[in-house]
Number of protein chains: 2
Amino acid sequence: MKLGVSPDIIPSRGHEAKRVSIMDAASEVFCRESFAGANIDMIAAEAGVSRQTIYNHHGDKEKLFVAIVRDLTERCNAGIFATISTFPDQPKDLEADLIAFAVRMNRNCICNRDGKFLRKLIQTEGERYPELFAEWREQGPGRTWPAIAARFARLAHAGFLDIDDPDVAARQFLALANAELQTTFMLGGTPDEDEVLQSATHGVRTFLRAFGKRQPAANAGKQGALTNA
Amino acid sequence: MKLGVSPDIIPSRGHEAKRVSIMDAASEVFCRESFAGANIDMIAAEAGVSRQTIYNHHGDKEKLFVAIVRDLTERCNAGIFATISTFPDQPKDLEADLIAFAVRMNRNCICNRDGKFLRKLIQTEGERYPELFAEWREQGPGRTWPAIAARFARLAHAGFLDIDDPDVAARQFLALANAELQTTFMLGGTPDEDEVLQSATHGVRTFLRAFGKRQPAANAGKQGALTNA
DNA sequence: ACAAATTTAGACACTCTTGTCCAATTCGTC
DNA sequence: GACGAATTGGACAAGAGTGTCTAAATTTGT
């Protein structure tokens with residue numbers, strides 16, 4: 001019933017509409033209740049379809065769950081790569097551009113519905129479905145970290161940063177950008193725009209204090225600007 | 001019933017032994033299977049007691065769960081405060097001392113059994129038991145972050161660090177120390193000693209590049225040592 | 001060794017959930 | 001409006017899990 005999830009046309013009625021509606025409701029319920037705690041009637045009610053329709057579409061509870069995870073994994077990875085492609089390779093204002101990138105990363109990949117759901121499902125059910133989440137591991141972290149690291153390496157090579165190990169720097173960059181959101185994430189909350197911006201700003205400032213060029217020569221006053229709140 | 005409490009002795013048999021055994025098994029099973037997925041027979045089998053004994057001790061499944069969470073929260077907080085008390089207030093070798101502290105923090109509070117279990121239970125069931133985990137939030141993050149921040153503030157005041165906002169610095173310190181363990185945590189794994197040391201080392205080095213005194217005057221060569229791998 | 005307390009195994013009633021079947025109804029399309 | 005496909009709701013059997021009850025066995029304190 002709502003919009004804005006998939007890039008394709010969303011059928012607002014008919015067979016496909018039910019399918020989408022079921023997937024939406026199932027993600028929600030599986031995340032909220034865990035696999036064992038979720039029941040088909042709940043999902044049916046939330047999706048506004050009859051229980052039988054769910055069985056018609058997906059066969060059984062486990063197949064439905066697998067479909068959900070695959071779907072989320074795919075969409076999340078697409079979102080992450082799309083966001084990585086907006087990495088500031090030729091920054092005009094390094095600090096501002098990195099903050100904006102960190103905010104995009106958080107908003108579009110980590111704090112959004114798909115990101116939140118996938119993260120929770122991995123944490124909750126990851127150990128019980130190793131092969132399913134191994135796929136995520138390879139397609140997700142296994143591919144996205146190197147991609148981000150490559151961007152930082154390029155930025156360093158172009159003289160904007162002073163980085164020894166791009167892989168470590170990439171991990172630390174995101175860790176810093178999220179540092180102040182951890183407690184909220186823990187309890188399944190969604191940080192608001194302000195919190196995301198705050199965390200990203202503080203994180204990027206610290207990142208640049210560590211990896212920024214000591215004296216860019218062009219703007220000597222800049223360094224001072226980084227330290228004041 | 002009887003004896004004046006002997007606070008220290010751990011009973012290896014008898015009534016109390018069963019109690020401990022049940023708590024251990026229940027933590028394990030609740031974490032692995034989630035509250036809804038766990039069943040009493042599983043816990044009984046894992047604890048080596050009969051199902052009825054569990055009902056005798058704890059009344060019902062939910063009361064058992066609550067007891068587990070309280071127990072874990074209490075022990076974890078104790079561990080965290082004990083570790084905070086080992087913070088290097090008068091460091092001899094700042095980098096080495098902070099790395100050692102970060103490793104202790106990880107080993108004793110985050111990667112150990114209690115930490116891992118509590119984290120997973122909060123992630124999995126936090127939304128369903130708000131009042132229970134609100135307690136954790138107040139006693140845990142609400143008290144430990146300020147405590148750590150105060151230590152960093154003191155270190156800065158003593159001239160070892162150059163910190164604007166101790167709260168932010170404290171959060172970033174731990175975020176950096178854990179940066180390379182996130183993926184492992186996600187799937188419920190336990191990082192080995194090497195990974196913990198690696199992550200802490202890289203994290204502390206970055207932290208000091210950001211917050212270390214630029215030129216401590218006394219040891220000019222030190223700064224160089226921080227930057228090489 | 002005796003008495004009290006605790007533990008045990010099994011049976012049990014009850015509830016909840018899954019997944020199937022089916023007849024009636026609605027929907028999409030021509 | 002008519003036809004085929006999809007959806008619905010309700011009944012249903014089978015299975016699993018909770019929590020209770022009991023009588024017998026075991027452990028504990030003295």
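Chain letters run A, B, ... following the sequence lines, proteins first and then strands; every chain starts at 1.
Across the protein-nucleic acid pair, B:Ile54 atom CD1 and D:dG17 atom P stand 14 Å apart, rounded to whole Å. Separating the CD atom of A:Glu33 from the P atom of C:dC16 is a distance of 15 Å, rounded to the nearest angstrom. Atom CD1 in B:Ile40 sits roughly 14 Å away from atom C1' in D:dT20 (whole-Å rounding). Rounded to a whole Å, the CG atom of A:Asp41 is 7 Å from the P atom of C:dT18. Taking atom CZ of residue A:Arg19 and atom C1' of nucleotide D:dA6, one finds them 13 Å apart after rounding to whole Å. Taking atom CD of residue B:Glu16 and atom P of nucleotide D:dT28, one finds them 13 Å apart after rounding to whole Å. B:Asn39 places its CG atom 5 Å from the P atom of D:dT18, with the value rounded to the nearest Å. For A:Ile43 and C:dT18, the CD1 to C1' distance is 12 Å, given to the nearest whole Å.
Contact check, A:Ser50 against D:dT7: no side-chain N or O comes under 4.0 Å of OP1 or OP2. In terms of phosphate contacts, A:His15 brings a side-chain nitrogen or oxygen within less than 4.0 Å of OP1 or OP2 of D:dT7. Phosphate contact (OP1/OP2 of D:dT8, side-chain N/O of A:Lys18, threshold under 4.0 Å): present. Between C:dT7 and B:Thr53, no contact under 4.0 Å exists linking OP1 or OP2 to a side-chain N or O.
Across all strands, B:Ala36 comes closer than 4.0 Å to no nucleic acid atom at all (heavy-atom distances). Nucleic acid contact class of A:His57 (heavy atoms, under 4.0 Å, all strands): sugar-phosphate only. Using a 4.0 Å heavy-atom distance criterion, A:Ala44 is classed as making no nucleic acid contact.
Looking only at atom types and distance, the side chain of B:His202 has a donor-acceptor partner in the side chain of B:Glu180 under 3.5 Å away. For the residue pair A:Gln198 and A:Asp194, no side-chain donor N or O sits within less than 3.5 Å of a side-chain acceptor on the partner. In this structure, a donor-acceptor pair under 3.5 Å is absent between the side chains of B:Thr86 and B:Thr83.
By the neighbour-count criterion of 12 heavy atoms within 6.0 Å, atom CZ of B:Arg113 is densely surrounded, having more than that number from other residues, nucleotides or ligands.
Judged by a 6.0 Å distance limit and a 45° cone about the ring axis, B:Arg119 is positioned over the six-membered ring of B:Phe185.
In terms of position on DNA chain C, the residue among B:Arg51 and A:Ala38 whose nearest nucleotide sits closer to the 5' end is B:Arg51.
Here D:dT8 is the nucleotide among C:dT7, D:dT8, D:dT20 with the atom lying nearest to any side-chain atom of A:Val49. With D:dC12, D:dT18, C:dT8 as the choices, the nucleotide that has an atom nearest any side-chain atom of B:Lys61 turns out to be D:dT18. Across C:dT7, D:dT18, D:dG9, the shortest atom-to-atom separation from the side chain of B:Asn56 is found for C:dT7. Set against C:dT18, C:dG10, D:dG19, the side chain of B:Gln52 has C:dG10 as its closest nucleotide.
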